[in-house]
Amino acid sequence: MHPEAFEAMGEYYEGCYANPTGAHRMAREARRATDDARDILAEALGARPGEIVFCGSGTEADNLAVFGAAAGSGAVVCSAVEHPAVLRPTERLDGRIVGVDGDGMADLEALAAALDGDVRLVSVMLANNETGVAWSLEEVAEVMARHAPQALLHTDAVQAFPWLDVAARAGRADLISVSAHKFGGPKGVGALVVRGGVGLQAQIVGGGQEAERRSGTPNVAGIVGMAAAAAITVARRAETTERVGRLRDRLADGLRTAIDGVVESGVRPASGTGVPVDRSAKVAGSCHLCFEGVESEALLFLAERGGVYASAASSCASGAENPSHVLAAMGYPRSLARGSLRLSLGAASTDADVHTALNVIPQAVTQLRRAVA
Ligand code: PLP
């Protein structure tokens, strides 16, 4: 967590521990804190304060977007590489799931073919949580304008927010999800932007908080922490992206050099000289590789013993038992997808971290390959 975000939260556990919907002085103070946080987050997301709905996670924001916007009317369309927080609700509504190309990019022809006058909602993520590949919402919105102009556009910006100017890139979206723990804020708090005029059926009903869009006593400390983290993220985003992007390149280049039989997802051959690959389609913190002849589960075990905490696919999936749906959608053979490794860098990542990973991972891969040879 950003220390400033952690610090900002303390006051709302110890000093001003009041329910912001109350009428007394301390409640008004808590309400002021959530209103200030709403202003900050709205600015960071290119929205108006009244368009922010605070909720309990990125998952809840995604569920609210899909179930809430589609309620009772029309079909939902999403991409095959969405996070389960969008995929499962879409499946539950018998929605349409659209394929992607081999780089994990939108297949705009397939999207166009899935659209018609019945579609109520299209949901595509701004950046993928496994590969880091970022999409242009402009292109998606253009296809929608031609084939389903009545449909709403939702984007899951949970992974994008630390790295990309979401306010600029999601300007065409009607609904935007974010989650605080992805940008140095606390876990268990997220938000959904619901643009003015977009009809949404609340999924959690009760006391009518968040302008009847999400009931329940707001997590004041979490909301304050999320806003503090958002402000820091936006203020430092350019510098962080530059610095972490360089670390990620050193890590990915180093692993590709040290190990044979590596496939890096979401990259293209570089046109310039001296640069092994073009990673411009990916967000800066994402290093995602597949190792031939290696099982992720065993690799993660050895990596952890060496002090590298990584994952295979999404942290909700169970690694090698269940190869990534994202890689499957990109056409990776199962044998290769079983050896995937997702190394995530963040604002706090250092040269020393990269150094450790460059020592530990090649040794682990060599050891595992030797064991099966
Ligand atoms: N969407 C994406 C792209 C994610 O990466 C995640 C979490 O990893 C979520 C949604 C879910 O967010 P949360 O962990 O806050 O429920």
Handout entry: Contacts of type salt bridge (charged side-chain N to carboxylate O under 4.0 Å, His left out), residue Glu14, not counting sequence neighbours
Key = none
Problem - For Asp351, all residues meeting salt bridge (charged side-chain N to carboxylate O under 4.0 Å, His left out), sequence neighbours excluded - result: Arg250
Quick one: are [X] and [Y] in side-chain contact, heavy atoms under 4.5 Å?
X: Arg279; Y: Asp249; value: yes
X: Val365; Y: Leu299; value: yes
X: Val140; Y: Leu153; value: yes
X: Glu60; Y: Ile204; value: yes
X: Val205; Y: Glu212; value: no
X: Leu175; Y: Leu121; value: yes
X: Gln159; Y: Lys182; value: yes
X: Ser179; Y: Met226; value: no

Practice task
Identify the heavy atoms of Ala18 and Ala30 that sit nearest to each other, and give their distance.
Solution key: O-CB, 3.7 Å
Assess whether atom [atom1] of [X] is packed by more than 12 heavy atoms of other residues, nucleotides or ligands within 6.0 Å.
X: Glu91; atom1: CD; answer: yes
X: Glu4; atom1: CD; answer: yes
X: Gln203; atom1: CD; answer: yes

Handout entry: Option passing side chain to side chain contact (heavy atoms under 4.5 Å, CB included) with Phe291 (candidates Val263, Ile361, Asp260)
Key = Ile361
Exercise for the section: With side-chain hydrogen bond (donor to acceptor under 3.5 Å, both in side chains) as the test, would you mind laying out the steps for Asp353 and Thr350 before giving the verdict? Expected result: CA-CA 5 Å; Asp353 296 334; Thr350 62; 3.2 Å; yes
Exercise for the section: Please lay out, stage by stage, how Asn128 and Thr131 fare under the test side chain to side chain contact (heavy atoms under 4.5 Å, CB included). Expected result: CA-CA 6 Å; Asn128 186 268; Thr131 63; 3.4 Å; yes
Practice task
Quick one: do His325 and Leu87 satisfy side chain to side chain contact (heavy atoms under 4.5 Å, CB included)? Show the steps, please.
Solution key: CA-CA 10 Å; His325 71 282; Leu87 271 177; 3.4 Å; yes
Exercise for the section: Decide, yes or no, whether a salt bridge links Arg342 with Glu130 under the criterion of side-chain N to carboxylate O below 4.0 Å. Expected result: no
Exercise for the section: Answer yes when Arg236 and Glu239 have at least one side-chain N-carboxylate O distance shorter than 4.0 Å, and no when they do not. Expected result: no
Handout entry: Steps toward side-chain hydrogen bond (donor to acceptor under 3.5 Å, both in side chains) verdict (Ser79, Glu82)
Key = CA-CA 6 Å; Ser79 90; Glu82 294 306 304; 2.8 Å; yes
Exercise for the section: May I have all residue pairs that pass salt bridge (Lys or Arg N to Asp or Glu O under 4.0 Å) and include part of residues 135-158, sequence neighbours excluded? Expected result: Glu138-Arg172, Glu142-Arg172
Run the side-chain donor-acceptor check on residues 35-42: report pairs under 3.5 Å with partners two or more places apart or on a different chain.
residue, atom, partner, partner atom, Å
Arg38, NH1, Ile52, O, 2.9
Arg38, NH1, Glu210, OE1, 2.9
Arg38, NH2, Glu210, OE2, 2.9

Handout entry: side-chain hydrogen bond (donor to acceptor under 3.5 Å, both in side chains) against Thr90, all qualifying residues, sequence neighbours excluded
Key = none
Practice task
Output yes when a side-chain donor or acceptor of Arg169 lies under 3.5 Å from a complementary backbone atom of Ser136, and no otherwise.
Solution key: no
Handout entry: Donor-acceptor pair, side chain of Glu304 and main chain of Phe301, under 3.5 angstrom
Key = no
Exercise for the section: I would like to know whether Arg256 and Val267 meet side chain to side chain contact (heavy atoms under 4.5 Å, CB included); could you show each step before the answer? Expected result: CA-CA 13 Å; Arg256 292 171 64 115; Val267 299; 4.1 Å; yes
Practice task
Return each pair, listed once, that meets ring pair (Phe, Tyr, Trp, His ring centres under 6.0 Å) where at least one residue sits in residues 167-194; pairs must be two or more places apart or across chains.
Solution key: Phe161-Phe183
Treat each ILVMFWY residue as a node, draw an edge where side-chain heavy atoms are under 4.5 Å apart, and state whether [X] and [Y] are in one component.
X: Phe54; Y: Tyr12; value: no
X: Val86; Y: Leu111; value: no
X: Leu126; Y: Val143; value: yes

Practice task
Give the C-alpha distance, both sets of side-chain angles, the deciding distance and a yes or no for side-chain hydrogen bond (donor to acceptor under 3.5 Å, both in side chains) between His288 and Ser265.
Solution key: CA-CA 6 Å; His288 183 259; Ser265 69; 2.8 Å; yes
Practice task
Give the C-alpha distance, both sets of side-chain angles, the deciding distance and a yes or no for side chain to side chain contact (heavy atoms under 4.5 Å, CB included) between Leu341 and Leu300.
Solution key: CA-CA 8 Å; Leu341 179 70; Leu300 292 179; 3.7 Å; yes
